[in-house]
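Read through the structure below, which is laid out as structure tokens, and then see the notes.
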Amino acid sequence: LHSNLSESERLWKRALSIAERASGPDHPNTAYNMDGLGNVYNDLGKFAEGEALLTRALAIQQKMLGSGHMEVGVTLNDLGRLFRNNGDPAKGERYIKQALDIFQKTFGGEHSLTIMATTHLAFVVSQQNRYAEAEPLFLRALAASERLRGPIHEINAFILMGLGDVKAFQKKSVQAEAYYRRAIEVAEKALGAKSLVLSSCLGGCADFLRKLNRIAEADQMSARAKAI
């Protein structure tokens with residue numbers, strides 16, 4: 001995975017260099033490539049480099065495209081995801097809320113970008129232990145995603161895992177397990193038996209079962225995840 005990200009970093013750097021020469025440093029196309037490279041840095045854990053690029057991209061987009069443009073929303077969402085990953089969910093929440101507002105006004109509630117931002121907002125709220133607020137956001141995102149994509153899609157598996165986490169933290173173990181197992185089923189049907197998404201779902205459910213002292217079940221699920 002790290003090697004793939006390193007290759008992505010190389011390609012985005014090249015694309016950004018080309019865009020800066022062809023369009024200039026303050027063009028929306030240049031900002032688009034800054035955003036792409038900033039996201040790679042986020043995934044690599046290079047948060048300072050990612051924040052600098054995403055902040056610069058956002059300034060260009062707001063100046064050249066207007067504060068309510070869809071691309072501004074995308075970069076705001078990416079900044080929110082970066083701060084969530086970097087351990088500052090409160091700051092991430094502020095950016096994601098701005099992104100969600102843009103997407104809802106531009107596309108309505110059933111668009112993939114609106115669903116994405118709603119999901120990210122649910123995760124960042126959950127990260128701050130505000131589970132009663134996170135649950136309806138997850139449910140809203142799941143319902144919209146199932147209407148848009150159908151019940152079997154990898155995005156739905158991620159949302160279901162988030163709902164499982166909420167219920168686990170609320171000590172509602174029966175509901176949590178049902179969400180985790182549904183996530184596993186969706187991931188396997190959507191992507192097959194050897195996907196990293198399925199491995200992640202299996203690992204999350206195994207951790208949950210281990211906390212319930214259901215060690216044999218947890219070990220079996222962990223072994224299946226590691227075999228992928």
Specify the closest pair of heavy atoms between S145 and I155, including all atoms of both residues, with the distance to one decimal.
OG-CG2, 4.1 Å

Run the side-chain contact (heavy atoms from CB on, under 4.5 Å) check on S195 and I228 step by step: do they pass?
CA-CA 7 Å; S195 75; I228 293 175; 5.8 Å; no

Path from L142 to I152 over hydrophobic side-chain contacts below 4.5 Å
yes

Just by distance, with hydrogens left out, do S17 and R21 show a side-chain donor and acceptor under 3.5 Å apart?
yes

Please examine the side chains of I184 and M221, heavy atoms only from C-beta on, and report whether any two atoms are closer than 4.5 Å.
yes

Can you list the residues that meet the ring-ring contact (aromatic ring centres under 6.0 Å, His included) rule with Y131, with sequence neighbours excluded?
F169

Inspect the contact between R214 and E177 and indicate whether a charged nitrogen and a carboxylate oxygen are less than 4.0 angstrom apart.
yes

Rounded to the nearest 0.5 Å, what separates atom CD1 in I96 from atom CE in M116?
9.0 Å

Check the pair R140 / L137 against side-chain contact (heavy atoms from CB on, under 4.5 Å), numbers first and verdict last.
CA-CA 5 Å; R140 191 170 96 199; L137 289 168; 4.1 Å; yes

In plain terms, say whether E188 and R224 are close enough for a salt bridge, that is, a side-chain N and a carboxylate O under 4.0 Å apart.
yes

How far does CE of M64 sit from NE2 of H27, to the nearest 0.5 angstrom?
7.0 Å

Under 3.5 Å, side chain of E93 to main-chain N/O of V125, donor-acceptor pair present?
no

May I ask you to decide if the ring planes of Y95 and F83 are parallel, tilted or perpendicular, using 30° and 60° as cut-offs?
parallel

Any donor-acceptor pair under 3.5 Å from T55 side chain to E51 backbone
yes

Could you tell me whether the side chain of T30 reaches within less than 4.5 Å of the side chain of D26, counting heavy atoms only?
no

Side-chain heavy-atom pair E135, Q170 within 4.5 angstrom cut-off
yes

Where is the tightest heavy-atom contact between V166 and F138, given as atom of each residue plus distance?
CG2-CE1, 3.8 Å

Got more than 12 heavy atoms from elsewhere within 6.0 Å of OH, Y32?
no

Do you reckon L79 sits in the same ILVMFWY cluster as V74, going by side-chain contacts under 4.5 Å, direct or chained?
yes

For H111 and L148, which heavy atoms make the closest approach, and how far apart are they?
C-CD2, 4.4 Å

side-chain contact (heavy atoms from CB on, under 4.5 Å), that's the test. Do Y180 and M161 meet it? Break it down for me.
CA-CA 6 Å; Y180 286 136; M161 288 299 293; 3.6 Å; yes

N-O pairing of R182 and E146 below 4.0 Å
yes

Test item: S8 side-chain N/O and V40 main-chain N/O as donor-acceptor pair under 3.5 Å
no

For N77 and G73, indicate whether the former's side chain and the latter's backbone hold a donor-acceptor pair under 3.5 Å.
no

Taking every non-hydrogen atom, the tightest pair across A31 and Q61
CB-CG, 3.8 Å

Side-chain contact, heavy-atom cut-off 4.5 Å: M34 with I60?
yes

Has the side chain of D88 got a donor or acceptor atom that lies under 3.5 Å from a matching backbone atom of R84?
no

Return the CG to CH2 distance between L53 and W12, rounded to the nearest 0.5 Å.
11.5 Å

Gap between atom OH of Y41 and atom CG of L54 - 0.5 Å precision:
11.0 Å

How long is the straight-line distance from CD of E49 back to CG of L82, given to the nearest 0.5 Å?
10.0 Å

Basic-acidic side-chain contact under 4.0 Å: R56, E20:
yes

For a 4.5 angstrom cut-off between non-hydrogen side-chain atoms, does K13 reach L37?
yes

Can you confirm whether the side chains of D78 and N42 place a donor and an acceptor under 3.5 Å from each other?
no

For Q220, does the CD atom sit with more than 12 other heavy atoms under 6.0 Å from it, leaving out its own atoms?
no

Is a side-chain N or O of S222 found less than 3.5 angstrom from the main chain of A218, in a donor-acceptor match?
yes

Looking only at heavy atoms, the pair that brings S112 and R149 closest together is CB-NH2, 3.6 Å

Quick check against the 3.5 Å criterion: does T106 have a side-chain atom that pairs as donor or acceptor with the backbone of I102?
yes

Polar contact flag, side-chain donor to acceptor under 3.5 angstrom, T114-Q104
no

Please determine whether a side-chain nitrogen of the Lys or Arg among D43 and R81 lies less than 4.0 Å from a carboxylate oxygen of the Asp or Glu.
yes

Do S199 side-chain atoms and A225 backbone N/O form a donor-acceptor pair below 3.5 Å?
yes

Can a donor-acceptor pair be found, under 3.5 Å and without considering hydrogens, that links the side chain of T119 to the backbone of I115?
yes

What is the minimum heavy-atom distance between S173 and L212, and which atoms define it?
OG-CD2, 3.6 Å

Pair K105 + D101: basic N to acidic O under 4.0 Å:
yes

Taken to the nearest 0.5 Å, the spacing of N156 CG from H153 NE2 works out to 7.0 Å

Starting from the C-alpha separation in whole Å, work towards a yes-or-no answer on side-chain contact (heavy atoms from CB on, under 4.5 Å) for L198 and L191.
CA-CA 8 Å; L198 176 60; L191 299 170; over 6 Å; no

May I ask you to say whether E217 pairs ionically with R181, meaning some side-chain N is under 4.0 Å from a carboxylate O?
yes

